[in-house]
Engineer: 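Sharing a structure with you now.
Chain letters run A, B, ... following the sequence lines, proteins first, then strands; residues in each count from 1.
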2 protein chains.
Amino acid sequence: MPADRYNPLIVTRNPSKMAKDDLPMTAPKGPTFQPLYKQIKELLLERIASGEWPPGTFIPSEASLASSYDVSVGTLRKALNELVADNVVIRRQGKGTAVATHDADRALFRFFNIVSHDGERCLPVSRVLGRTRRAPTADERQTLELADGGEVIHIRRVRELQGTAILLEDIVLDAARFAALENQPEVLPNTLYQLYQQQYGRTVAHADETLVAVRAGRDEVEQLGVASGEPLIEIRRVARDYQDVPIERRISRLSTRDYAYACTL
Amino acid sequence: MPADRYNPLIVTRNPSKMAKDDLPMTAPKGPTFQPLYKQIKELLLERIASGEWPPGTFIPSEASLASSYDVSVGTLRKALNELVADNVVIRRQGKGTAVATHDADRALFRFFNIVSHDGERCLPVSRVLGRTRRAPTADERQTLELADGGEVIHIRRVRELQGTAILLEDIVLDAARFAALENQPEVLPNTLYQLYQQQYGRTVAHADETLVAVRAGRDEVEQLGVASGEPLIEIRRVARDYQDVPIERRISRLSTRDYAYACTL
DNA sequence: TACAATTTGTGCGTATGTATA
DNA sequence: ATATACATACGCACAAATTGT
């Protein structure tokens, strides 16, 4: 089906489309009203989230989209620019507008906030310690919004920077959404979010993290080479997709002897 | 002096201002080139930073600024909207464009990333433990970019939420820039950034934080009521103004028994 | 190498809606 | 009711980057 017309746009308050002797506008005062460019933005986001335009592909040009939706290019540009601000698409002059992927250099660091003490950022290598399928804890069921009887995939791995292990990660996913992940692929890639995106069609759009200080336990002593009881930072992350649906629960413990968690306000 | 004309705008690539039989553009390829709206943005930022429009005041309207700079309203809007995105100004329909202050509710929380374990955010009360003037450490001299022989003001305080002390802060400022702060005002306000802005004309525009895990020492035991050696999060912040000039060095130690550091990516 | 076609980026102008004082 | 200021939406022209011929 050619995507030529998308009708149900509420243009009631669109000035240049209103005849002067139009009906008095009664409805559009409702709290559900959204300006035209916001509606376009949502429509585009739905089409991206639905998989119509997979990550990495180029979407139609401004001009063609504008005529499809029967809006001006300026209005469509405003919608696209908001999607750029939300890290959903990437635009390049002369080339086009592409759906954002997790392989661009900048995108990789968006979800890795750890720097060496002199401020350098570099990506760690990962070593998987275990992959299991099991019933969720109560906490996991709540944060991942699992159905009753659902199961989770649990991945535990260590990440090391320049040869020293600094991070012990426990990653939990809805087994229904990531069915085969328990034992396939054989070797997991360094950057899991790329895998979620490419193999499972789930794009991590943003994440919330809360940090607390904890003591190193047996596992951290063994894997990170820290002393027992050594202070660590525990990072509790919930990663979500475009529609705020939770995708992943990740709890990491960070040794801050050589590296630190960085945040810019 | 009436601000009527601002001449040195490089409009070489401004299409509608160029005659068709113009000289071939040779210069504007230089790496220093900035589009017109970026230049306008910088000019506005300079006037805000210079104190011509103090925080809280309304700047001239779009139309008047556009005619002052001899650009279109659209170009000026684009500059202003970037300043909105940078939290430099706040715009309200029908009212005008105001220079951002640190008293708006949202602005207060921008620099306070601590939430209770159930996700609630609330502002803490402060209790000052000491105010001294002293020579800087080597680290302080470097991060605050102090001149040789300069001194610093050092403020130590505890912040408590709902009656329990959770944060021990060591705040260090350039004594040359905050001369009277050592003993005046008698009682320091809860939100220091408002004081910097209102009394000293220094606006904190953004900050970088790095977090490490530490053990509670003698001071933390005494002030935060934690056990000796208890794991804490140490937050090392450098706050800067619009031009990235460092204003404040703040090292805080957070007890994460009831509260956590929150970050959204 | 040169040229053309396509696509986004910049800039201008205008009209009307909506919120505020 | 009026005036002001920002918000939305329309349109157009040209610049700059990219790609293919």
Engineer: Which whole-number value in Å describes the distance from F33(B) CZ to dA16(D) P?
Structural biologist: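 Result: 7 Å.
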
Engineer: Using side-chain heavy atoms (C-beta onward) and a distance below 4.5 Å, is I247(A) in contact with F178(A)?
Structural biologist: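 The answer is yes, as the side chains (C-beta and beyond) meet within the 4.5 Å cut-off.
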
Engineer: Hey, does the side chain of H206(A) reach the backbone of N87(A) with a donor-acceptor pair shorter than 3.5 angstrom?
Structural biologist: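 No: the side chain of H206(A) does not pair with the backbone of N87(A).
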
Engineer: Mind calculating the distance between CD (Q39(A)) and C1' (dA9(D)) to the nearest angstrom?
Structural biologist: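 Value for this atom pair: 13 Å.
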
Engineer: So if I take residues 96-103 of chain B and measure heavy-atom distances to DNA chain D, which residues fall below 4.0 Å?
Structural biologist: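 Under 4.0 Å from DNA chain D: G96(B), T97(B).
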
Engineer: Is there side-chain contact between E169(B) and I235(B), with heavy atoms separated by less than 4.5 Å?
Structural biologist: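 Not in contact.
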
Engineer: Are side-chain heavy atoms of R236(A) and R249(A) found at a separation under 4.5 Å?
Structural biologist: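 With C-beta onward as the side chain, the pair touches.
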
Engineer: Would you mind reading off the distance between Y69(A) atom OH and dC10(D) atom P, rounded to a whole angstrom?
Structural biologist: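 Value for this atom pair: 14 Å.
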
Engineer: For residues L192(B) and R157(B), determine if any side-chain heavy atom of one lies less than 4.5 Å from a side-chain heavy atom of the other.
Structural biologist: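 The answer is yes, as the side chains (C-beta and beyond) meet within the 4.5 Å cut-off.
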
Engineer: Can you tell me the distance, in whole Å, between the CD atom of Q34(A) and the P atom of dT8(D)?
Structural biologist: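 It works out to 10 Å between those atoms.
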
Engineer: Can a donor-acceptor pair be found between the side chains of Q162(A) and Y259(A) at a distance below 3.5 Å?
Structural biologist: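 Distance-only check passes for Q162(A) and Y259(A).
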
Engineer: Checking side-chain polar atoms at under 3.5 Å, does D241(A) have a donor or acceptor matched by the opposite partner on T203(A)?
Structural biologist: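 The criterion, which ignores hydrogens and geometry beyond distance, is not satisfied for T203(A) and D241(A).
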
Engineer: Has E82(B) got a side-chain atom pairing as donor or acceptor with K41(B)'s backbone, closer than 3.5 angstrom?
Structural biologist: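 Here the side-chain-to-backbone pair does not exist.
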
Engineer: Going by heavy atoms closer than 4.0 Å, what residues in residues 74-95 of chain A are next to DNA chain C?
Structural biologist: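 The answer is R77(A), R91(A), R92(A), Q93(A), G94(A), K95(A).
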
Engineer: Please determine whether the number of non-hydrogen atoms from other residues, nucleotides or ligands lying under 6.0 Å from atom CZ of R121(B) exceeds 12.
Structural biologist: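 Above 12, so yes.
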
Engineer: Roughly how many Å is it from CG in D70(A) to C1' in dA9(D), rounded to a whole number?
Structural biologist: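 Value for this atom pair: 13 Å.
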
Engineer: Kindly state which residues belonging to residues 53-62 of chain B come within less than 4.0 angstrom of DNA chain C, counting heavy atoms of the residue only, listed by number.
Structural biologist: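 The answer is none.
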
Engineer: Starting from C1' on dA9(D), measure out to OH on Y37(A) and report it in whole angstrom.
Structural biologist: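 These atoms are roughly 11 Å apart.
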
Engineer: State the pairing partner of dT1(C); accept Watson-Crick or G-U wobble contacts with both distances under 3.5 Å, and report none otherwise.
Structural biologist: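 dT1(C) is unpaired by these criteria.
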
Engineer: Just by distance, with hydrogens left out, do Q39(A) and Y69(A) show a side-chain donor and acceptor under 3.5 Å apart?
Structural biologist: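 There is no such pair between these side chains.
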
Engineer: F109(A) and F112(A): ring-ring contact (aromatic ring centres under 6.0 Å, His included), yes or no, with the steps?
Structural biologist: CA-CA 5 Å; F109(A) 287 118; F112(A) 191 74; 7.2 Å; no

